[in-house]
Amino acid sequence: MNHAETSDPTTPADDGATAADHPRWFGALAGLVAAAVALVFGELVAAFSDTIPGLVLGVGEWIVDVTPGDLVRANIENFGSNGKAWLLPGITIVALLLGAVLGDLSARISNRIGIVGLAAFGLLGGFTTARNPQSPAVASWIWALVAAALGIATLLFLLARMHRPTRFATVMEDPRDKRATRRAFLGWSAGAGAVAVTGFGLAGKIDGESVAEVARGELDFSDLVSPTSGPPTTAPLAAPITPGSFDEIPGLASFVTPNDTFYRIDTAIRVPQVDPDTWSLSFTGMVDNPYTLTFDEILAMDLEEHLVTLSCVSNDIGADLVGTARWTGVPLTTLLERAGVQEGAEQLVGRSVDDWTAGFPTNLLDDGRTALLVVAMNGEPLPIVHGFPARLVVAGLYGYVSAVKWIEEIHLTTWDAVDGYWIPRGWAKEGPMKTMSRIDVPGHNDNVDPGRIAVAGIAWSPPRGISDVQLSVDESDNWVSCEIAAPGSDETWVQWRTDWDATPGQHVLRVRAVDGDGQLQPIGPKDVAPDGAEGWHAIRVNVRDV
Ligand SMILES: Nc1nc2c(c(=O)[nH]1)N[C@H]1C(S)=C(S)[C@@H](COP(=O)(O)O)O[C@H]1N2
Ligand SMILES: [Mo]
């Protein structure tokens with residue numbers, strides 16, 4: 001920028017054209033381009049760093065954190081998967097529009113408005129990017145303020161172009177010619193806009209593999225565990241058992257959920273990228289021997305493998321925020337024995353690298369249920385979105401009170417001392433999983449041919465297990481037991497199937513399960529908040545006339 005031309009950036013120059021001579025949207029365009037330059041600079045910094053987020057992301061994380069849970073209770077839990085899809089584009093658009101407003105006000109009233117406004121952007125960006133525990137605070141602040149400064153410089157430069165063409169243009173055209181001024185302004189704006197767009201594309205390209213992805217790729221877990229650990233005993237089944245699985249039924253959830261289709265729920269807009277070489281897990285609080293484990297130390301321990309069904313408390317009747325995987329890791333009881341849990345330590349609180357927390361009663365571990373510090377999922381290192389390098393999985397508890405991903409601390413404390421992340425946001429402090437069943441085949445509203453067709457689905461009630469699954473047709477009280485495929489354990493779902501003689505017309509199919517203690521699944525319906533949905537899944541099927 002040539003300072004001779006903008007000696008006083010806060011007052012319009014009095015020679016040449018003035019802002020009032022131009023279409024009103026010129027100022028807005030200048031502001032929009034300036035905001036874009038600042039945002040894109042932030043994206044470029046983020047692309048080069050594993051830990052500094054872009055400005056938009058920083059603001060997004062902050063919004064997720066401060067949104068009152070009771071306002072958007074069920075939705076907010078989904079920020080980690082599809083619920084956040086609108087958030088970052090939304091923030092970007094709002095930021096660009098605010099930039100446009102600032103540019104307009106600057107052009108018409110005073111450049112000070114743009115300077116102060118963009119500086120405020122920078123402060124918000126610095127505050128929001130620095131506050132995440134994964135981010136280096138000082139560097140985050142510096143880059144946010146540099147981004148804002150670049151935005152301000154761009155705005156002042158473009159505003160100055162509105163008042164008078166560049167020196168280059170003066171050689172060729174009359175500097176008093178409004179059209180030349182306009183052409184120069186639009187040219188510079190288009191140029192700066194193109195730089196921003198290019199930068200944005202570049203940021204996407206540069207953003208390569210993180211340390212976590214590289215380290216995960218180098219791990220070989222093919223012989224991590226000798227298959228000695230048998231599944232816990234199963235409940236006596238009232239339903240007929242079929243050996244094997246019903247995996248061959250099209251449309252039915254496979255008994256083991258593949259990693260790439262396993263549901264994902266977390267508050268992380270930016271998936272934590274943890275370097276296992278520098279990561280460690282600490283045992284703290286009410287323990288006699290606080291200690292810290294490295295990733296290699298964990299891998300060297302005796303690992304066990306268990307099939308466990310994990311569900312989100314937000315899983316509604318008939319929904320799919322539930323999955324079953326083969327989890328490999330160290331039993332929590334082994335790790336806690338070494339720590340020496342003190343009398344009165346009623347709660348185990350896990351904390352992740354992004355400061356998410358979940359807690360459950362320590363005495364739940366006394367009943368022998370599977371509770372693992374997990375390093376592998378279905379024989380592979382934990383996928384990054386599922387908690388690499390390590391997470392907790394506790395059979396029979398919803399994820400929000402137990403299944404801490406990217407864990408770095410296990411803290412023993414009293415029941416009242418700590419509330420996990422979702423508790424003050426309106427969810428129940430205790431989160432035992434409820435008995436649930438689901439019809440997968442046929443699908444709701446499917447059109448089928450009359451005759452004998454397979455009806456199939458899943459049912460779960462960890463750690464109690466499932467003893468019966470029953471189907472009813474057309475609201476009848478005649479509940480018929482279905483076949484159950486040999487269950488993995490009481491801690492997993494079961495697949496069930498039955499044959500149904502479909503007659504032409506519209507029909508309703510309902511399913512309900514009985515748990516391993518003989519308790520019938522509650523009829524509900526109850527909403528997912530505050531402690532998990534209840535109710536029998538029903539679907540409508542249209543049977544064709546033939
Ligand atoms: N660090 C962290 N761990 C977390 C969460 C989170 O938001 N952050 N969400 C929990 C919730 S609500 C659920 S249901 C499970 C989901 O685990 P998954 O994404 O591997 O299926 O993770 C749990 N662990
Ligand atoms: Mo969840």
Side-chain angles (χ1 to χ4, degrees), residues 61 64-65 67 69 73-84 132-134 212 253 256-274 279 281 308-316 319-329 348-360 371-378 380-411 420-423 425-434 436 460 462 493 528-533:
E61 289 179 333
V64 169
D65 244 23
T67 307
R73 204 155 27 190
N75 289 330
I76 197 176
E77 226 212 3
N78 283 317
F79 270 125
S81 43
N82 46 10
K84 69 163 195 219
N132 189 302
Q134 299 164 90
V256 175
T257 315
N259 289 354
D260 56 357
T261 55
F262 203 97
Y263 81 95
R264 173 191 164 201
I265 290 288
D266 51 62
T267 56
I269 301 185
R270 163 177 40 150
V271 179
Q273 305 293 324
V274 180
W279 171 88
L281 170 67
V308 174
T309 294
L310 181 64
S311 167
C312 183
V313 67
S314 296
N315 190 48
D316 218 334
D320 56 5
L321 295 179
V322 57
T324 300
R326 204 151 46 82
W327 308 99
T328 311
L348 186 156
V349 180
R351 192 178 55 78
S352 63
V353 299
D354 58 341
D355 263 355
W356 188 86
T357 50
F360 59 87
L372 293 177
L373 172 69
V374 167
V375 292
M377 181 174 182
N378 292 327
E380 277 178 35
L382 267 178
I384 303 220
V385 291
H386 293 294
F388 181 82
R391 74 174 302 171
L392 297 186
V393 167
V394 181
L397 295 183
Y398 288 123
Y400 84 105
V401 291
S402 63
V404 186
K405 306 192 273 190
W406 316 289
I407 193 167
E408 69 173 7
E409 183 185 358
I410 290 179
H411 185 74
Y421 182 90
W422 283 112
I423 314 311
R425 291 166 172 84
W427 296 84
K429 178 126 183 183
E430 289 197 65
M433 275 168 66
K434 297 181 178 178
M436 286 292 249
W460 63 98
W493 62 26
V528 293
D531 63 356

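Read the numbers this way: they start at 1 and go in the same order the structure lists the ligands and their atoms. Computed from a predicted model, the values in this text were never measured in an experiment. Position 1 is the first residue of the sequence, and the numbers go up from there. Heavy-atom basis, side chains included; hydrogens, waters and symmetry copies ignored.
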Any heavy atom of Asp354 under 4.0 Å from ligand 1? The part involved is side chain
Would you mind finding which of Trp422, Phe262, Trp356 brings a heavy atom closest to atom 8 (N) of ligand 1? Trp356
Polar contact flag, side-chain donor to acceptor under 3.5 angstrom, Asp354-Gln134: no
Under 4.0 Å between heavy atoms, the region of Tyr421 that gets near ligand 1 turns out to be neither
Assess Ala268 for proximity to ligand 1: is some non-hydrogen atom of it under 4.0 Å away? no
Tell me whether Tyr421 contacts the main-chain N or O of Asp355 through its side chain, where contact means a donor paired with an acceptor under 3.5 Å. no
Contact check, side chains of Trp422 and Trp356, non-hydrogen atoms, under 4.5 Å: yes
Taking the six-membered ring for Trp, is the centroid-to-centroid distance between Trp460 and Tyr398 below 6.0 Å? no
How does Cys312 reach ligand 1, if at all, at less than 4.0 Å between non-hydrogen atoms: by side chain, backbone, both, or neither? both
Rounded to the nearest 0.5 Å, how far apart are CG of Asn259 and CZ of Arg264? 14.0 Å
Looking at non-hydrogen atoms alone, which of Lys405, Arg351, Glu408 comes nearest to atom 19 (O) of ligand 1? Lys405
Can you find an N or O of Tyr263 that's nearer than 3.5 Å to an N or O of ligand 1? yes
